[in-house]
**Student:** 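So that we are looking at the same thing, I have put the structure below in structure tokens.
Here the structure is a predicted model, which means the values were calculated and not measured. Just so it is clear: chains get the letters A, B, ... in the order the sequence lines come, proteins before strands, and each one is counted from 1. Hydrogens, waters and symmetry mates are skipped; everything else that's a heavy atom, side chains included, is used.
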2 protein chains.
Amino acid sequence: MSEQVVPARRRTYRHGNLRQALLEAGLELARSGGPDAVVLREATRRAGVAPNAAYRHFADRDALVHEVSLAAMAALARTMEEEQAALPPADDPVRAARARFRAIGTGYLRFARTEPGLFRAAFFVPADMAEAEAGHSAGAGGRTPFQLLGAALDDLVGCGAMPAGRRAGAEFLVWSSVHGLAVLLIDGPLRGLEDSQADEAARMLIDLVERGL
Amino acid sequence: MSEQVVPARRRTYRHGNLRQALLEAGLELARSGGPDAVVLREATRRAGVAPNAAYRHFADRDALVHEVSLAAMAALARTMEEEQAALPPADDPVRAARARFRAIGTGYLRFARTEPGLFRAAFFVPADMAEAEAGHSAGAGGRTPFQLLGAALDDLVGCGAMPAGRRAGAEFLVWSSVHGLAVLLIDGPLRGLEDSQADEAARMLIDLVERGL
DNA sequence: CTCCTTATGTGTACGATGTCCACATCCGTT
DNA sequence: AACGGATGTGGACATCGTACACATAAGGAG
């Protein structure tokens with residue numbers, strides 16, 4: 001059943017960078033089972049170390065899960081950035097802003113469906129995603145998913161594609177909509193949808209949001 | 001810390017209706033801690049019975065949690081029904097349909113904020129909320145939350161407040177939006193918002209959805 | 001180079017949980 | 001009155017998170 005990922009019993013007493021190893025093991029566990037699957041003992045096992053060694057690097061299991069969560073959030077940010085980067089160049093600035101906005105949503109949903117475990121881990125008591133800790137939950141561009149969305153909305157307002165009066169707090173509304181669909185697709189009544197159907201739902205949802213902005 | 005809810009050691013060997021007692025204990029646990037807080041041994045403890053007695057009524061812990069989930073879903077449905085029932089009578093049918101639609105959303109969000117533990121439990125691998133099992137996850141009127149939403153949308157289309165062309169699959173889009181806000185309010189970055197702010201966010205979100213329909 | 005401090009990993013142990021197996025107790029039938 | 005199926009009990013086991021005491025190595029002070 002389990003992968004038996006024993007990493008060739010090390011010969012040095014010290015591990016070298018246990019913290020990183022535990023983090024990676026934790027991420028791997030989260031990837032296949034969400035935050036609940038991040039079990040401390042299994043992580044130490046995979047790192048080839050005694051269970052208690054983990055306590056030299058993390059206060060407790062929650063601390064480990066929290067760091068895994070931040071890393072997962074960063075992975076989400078990267079997927080969103082990729083989606084935007086893959087956009088074909090557009091002349092019309094309004095069209096371009098709209099495309100970047102939609103890419104935020106599609107990237108978000110793509111990540112949720114591609115890496116459901118990490119997605120769930122990312123939202124495991126993240127709480128302060130909007131606030132601090134940006135450094136750890138940001139993508140390559142140094143921005144968190146929340147900041148990426150905010151920038152896209154600013155763009156829309158900037159080019160007149162969205163009334164400025166609706167800008168305040170808009171990120172939370174958009175985020176709610178897209179996040180909700182992601183959750184329903186992952187382990188709600190919409191799970192098991194074909195990719196094509198899921199994409200269709202995503203398109204419709206983003207259409208609805210765009211009309212409502 | 002714990003409430004010490006020991007129910008006066010029963011004198012009969014048989015419990016009478018252990019199944020119901022376990023279900024209620026499970027609901028109480030879920031209420032204060034979500035699905036993860038539903039621990040089998042604690043439920044049996046509260047029912048004044050040995051841990052293994054539970055296995056005469058539930059295949060395993062998951063089965064218990066599942067039933068708790070259905071009950072929580074029914075509670076959600078009831079709250080939504082209440083919200084609609086509390087609506088003042090309106091003459092204009094369009095206005096009335098709109099109000100009923102909004103009540104679906106506000107009821108949903110009210111339940112999420114009032115009973116976060118039950119709300120999370122309701123969505124713990126519910127999967128088939130849209131489909132069968134209606135009997136167990138329905139409210140007083142015999143309808144599941146999903147069915148209540150569908151009816152509200154039918155109403156909107158019926159009185160011309162929403163284009164019929166957008167009706168197909170609309171429940172999933174609306175549901176996504178409202179559900180997403182609920183999640184963000186409960187344990188996402190929006191948790192800890194004042195009631196007034198949360199209500200404001202709910203209003204704005206439903207406005208956005210209504211415009212987008 | 002040696003010694004000592006300190007960071008890091010080990011071992012043992014405890015309480016809690018889900019669940020299995022064998023046994024006890026009772027209720028409803030025959 | 002006897003018996004069989006339903007229901008509850010007791011004991012046991014593996015797994016988990018974590019506390020406490022101890023072992024080991026790495027790096028600076030002398």
**Student:** Send over the distance from B:His66 NE2 to C:dG18 P, rounded to a whole Å.
**Tutor:**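 After rounding, the reported distance stands at 18 Å.
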**Student:** So do A:Arg120 and A:Asp187 actually touch side chain to side chain, heavy atoms under 4.5 Å?
**Tutor:**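 A:Asp187 vs A:Arg120: side chains touch.
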**Student:** Tell me the interatomic distance from B:Arg56, atom CZ, to C:dT19, atom C1', rounded to whole angstroms.
**Tutor:**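 Distance check: B:Arg56 CZ to C:dT19 C1' gives 13 Å.
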**Student:** How many whole angstroms separate atom CG of A:Asn17 from atom P of C:dT8?
**Tutor:**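 Taking atom P of C:dT8 as the reference, CG of A:Asn17 is at 12 Å.
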**Student:** In whole angstrom, what separates A:Asp60's CG from C:dA16's P?
**Tutor:**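 Checked: the CG to P distance equals 18 Å.
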**Student:** Do the non-hydrogen side-chain atoms of B:Phe111 and B:Leu118 ever get within less than 4.5 Å of each other?
**Tutor:**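 Side-chain contact under 4.5 Å: yes.
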**Student:** Find the distance B:Leu64:CG to C:dT19:P and express it as a whole number of Å.
**Tutor:**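 The answer, rounded to whole Å, is 10 Å.
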**Student:** Identify which nucleotide among D:dT18, D:dG8, C:dG18 has an atom closest to any side-chain atom of B:Tyr55, counting heavy atoms from C-beta outward.
**Tutor:**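 From the listed options, C:dG18 comes nearest.
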**Student:** Let's test your reading of the model: under 3.5 Å, does the base of D:dT18 pair with the side chain of A:Arg41 as donor and acceptor?
**Tutor:**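 Present.
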**Student:** Would you kindly check whether a donor in the side chain of B:Asn52 faces an acceptor in the base of C:dG18, or vice versa, at under 3.5 angstrom?
**Tutor:**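 There is none.
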**Student:** Considering only D:dG10, D:dG17, C:dG18, which nucleotide approaches the side chain of B:Val39 most closely?
**Tutor:**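 For the B:Val39 side chain, the nearest candidate turns out to be C:dG18.
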**Student:** For a quick check of understanding: with a heavy-atom distance under 4.0 Å over all strands, which category does B:Arg61 fall into, base, sugar-phosphate or nothing?
**Tutor:**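 Counting heavy atoms under 4.0 Å across all strands, the contact made by B:Arg61 is with sugar-phosphate only.
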**Student:** Under 6.0 Å between ring centres: does that hold for B:Phe119 and B:Phe124?
**Tutor:**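 Ring centroids of B:Phe119 and B:Phe124 are no less than 6.0 Å from each other.
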**Student:** Would you please confirm or rule out a distance under 4.0 Å between OP1 or OP2 of C:dT17 and any side-chain N or O of B:Arg45?
**Tutor:**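 Checking B:Arg45 against C:dT17: at least one side-chain N or O falls below 4.0 Å of OP1 or OP2.
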**Student:** Can B:Glu81 and B:Arg78 be counted as an ion pair, charged N to O under 4.0 angstrom?
**Tutor:**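 Between B:Arg78 and B:Glu81 there is no salt bridge, as every charged N stays at least 4.0 Å from the carboxylate O atoms.
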**Student:** Between B:His57 and D:dG8, is there a side-chain N or O to OP1/OP2 distance below 4.0 Å?
**Tutor:**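 For D:dG8, OP1/OP2 do have a side-chain N/O of B:His57 under 4.0 Å.
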**Student:** What is the distance from CG of B:Leu40 to P of C:dC20, rounded to the nearest Å?
**Tutor:**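 These atoms are roughly 11 Å apart.
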**Student:** How many whole angstroms separate atom CG of B:Asp36 from atom C1' of D:dG17?
**Tutor:**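 Those two atoms, CG and C1', are 15 Å apart.
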**Student:** CZ of A:Phe58 versus P of C:dT8: gap in Å, rounded?
**Tutor:**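 Taking atom P of C:dT8 as the reference, CZ of A:Phe58 is at 12 Å.
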**Student:** Mind checking whether B:Tyr108 and B:Leu149 have side chains closer than 4.5 Å, heavy atoms only?
**Tutor:**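 No - every pair of side-chain heavy atoms lies 4.5 Å or more apart.
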